[in-house]
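One structure below.
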Amino acid sequence: VQLQASGGGLVQPGGSLRVSCASSVRTFDDYPTGWFRQAPGKEREFVAAISISGRRIFYADSVKGRFTISRDNAKNQNQVYLQMNLLKPEDTAVYYCAAVRSARWDYASRQSNDYDYWGQGTLVTVSS
């Protein structure tokens, strides 16, 4: 399984950006997916996670109310999105998507160790 994160860029504080995670598999709807980020000089941290069904969703406290994770399981779409609003300079980081195959429709995880597949990351810079 290969994951490709895209959509990063430079945005001003208070602005919005949507990053996407595309999968190489046709059955990406079998994979709970998460977003993590790593800022320069810091540890990688959890951002958001979504179950296969899309009904179980977790957010880090730092992004709750500003970020929205969603997935498009329609045929041939195979994408998970992270809509980021009201961005702050402290949101600057490389954003990674991660996935794991699961038979559980309601499974989602905040733990990076629970994911088997990782994308290469996309850089989000929030600066004026």
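- Ile69 is listed as a side-chain neighbour of Trp35, based on a closest heavy-atom distance under 4.5 Å.
- Considering only heavy atoms from C-beta on, Ile52 stays 4.5 Å or farther from Tyr31 through its side chain.
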Original post:
Can you list the steps and then say if Lys88 with Asp91 is a salt bridge (charged side-chain N to carboxylate O under 4.0 Å, His left out)?
Top reply: CA-CA 5 Å; Lys88 306 175 181 180; Asp91 294 319; over 6 Å; no
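- Using modelled atom types and a 3.5 Å distance limit, the side chains of Asp106 and Ser51 yield no donor-acceptor pair.
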**OP:** Go through the steps to decide whether Ser112 and Arg44 satisfy the test side chain to side chain contact (heavy atoms under 4.5 Å, CB included), and finish with yes or no.
**Re:** CA-CA 9 Å; Ser112 60; Arg44 183 171 56 191; 4.0 Å; yes
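- Residues Glu45 and Arg37 have side chains in contact (heavy-atom distance under 4.5 Å, counting atoms from C-beta outward).
- Hydrophobic clustering, with ILVMFWY side chains joined whenever heavy atoms are under 4.5 angstrom apart, groups Val47 together with Tyr117.
- Interatomic distance, OG of Ser20 versus CG of Asn78, reported as 12.5 Å (0.5 Å rounding).
- A single hydrophobic cluster is seen to contain both Phe67 and Ile57, as judged by linkage of ILVMFWY side chains at heavy-atom distances under 4.5 Å, directly or through other members.
- Between the side chain of Ser102 and the backbone N or O of Val100, no donor-acceptor pair lies under 3.5 Å.
- Taking hydrophobic clusters as Ile, Leu, Val, Met, Phe, Trp and Tyr residues chained together by side-chain heavy-atom distances below 4.5 Å, Leu82 shares a cluster with Val11.
- Shown here is Glu90, whose CD atom has more than 12 heavy atoms of other residues, nucleotides or ligands within 6.0 Å.
- Considering CZ of Phe58 and CZ of Arg110, their distance stands at 4.5 Å, rounded to 0.5 Å.
- Contact between Ser127 and Pro13 at its shortest, heavy atoms only, is C-CD, 3.6 Å.
- In terms of modelled atom types and a separation under 3.5 Å, the side chain of Ser24 and the main chain of Gln2 share a donor-acceptor contact.
- Linking ILVMFWY residues whenever their side-chain heavy atoms come closer than 4.5 Å, directly or via other members, leaves Val80 and Tyr115 in distinct clusters.
- Linking ILVMFWY side-chain heavy atoms closer than 4.5 Å, directly or via other members, places Trp118 and Val25 in two distinct hydrophobic clusters.
- The CG atom of Asp29 lies 9.5 Å from the OG atom of Ser23; values are rounded to the nearest 0.5 Å.
- Interatomic distance, OG1 of Thr92 versus CG of Leu123, reported as 8.0 Å (0.5 Å rounding).
- Remark: the Arg18 side chain and the Tyr81 side chain contain no N/O donor-acceptor pair separated by less than 3.5 Å.
- Proximity of a side-chain donor or acceptor of Thr125 to a complementary backbone N or O of Leu10 within less than 3.5 Å is not detected.
- Proximity of Phe28 to Leu3: side-chain heavy atoms (C-beta onward) are separated by under 4.5 Å at one or more points.
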Original post:
Going through the checks in order, is the side-chain hydrogen bond (donor to acceptor under 3.5 Å, both in side chains) test met by Asn85 and Ser16?
Top reply: CA-CA 4 Å; Asn85 299 327; Ser16 298; 2.9 Å; yes
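- The side-chain heavy atoms of Leu17 and Val124, taken from C-beta on, include a pair separated by under 4.5 Å.
- In plain terms, the two heavy atoms of Ala48 and Tyr59 that are nearest each other are CB-CD2, 3.6 Å.
- Between Tyr96 and Phe36, the ring centre distance reaches or exceeds 6.0 Å.
- Looking only at side-chain heavy atoms (C-beta outward), Gln79 and Cys97 stay at 4.5 Å or farther from each other.
- Residues Ala93 and Ala39 share a closest heavy-atom pair of CB-N, 3.7 Å.
- Looking only at side-chain heavy atoms (C-beta outward), Ile50 and Arg56 stay at 4.5 Å or farther from each other.
- Although no hydrogens or angles enter the test, the distance criterion places a donor-acceptor pair under 3.5 Å between the side chain of Ser53 and the main chain of Trp105.
- At least one side-chain heavy atom of Asp114 sits under 4.5 Å from a side-chain heavy atom of Tyr107.
- Side chain of Arg66 to main chain of Leu86: a donor-acceptor pair is present (N/O by atom type, distance under 3.5 Å, no hydrogens or angles).
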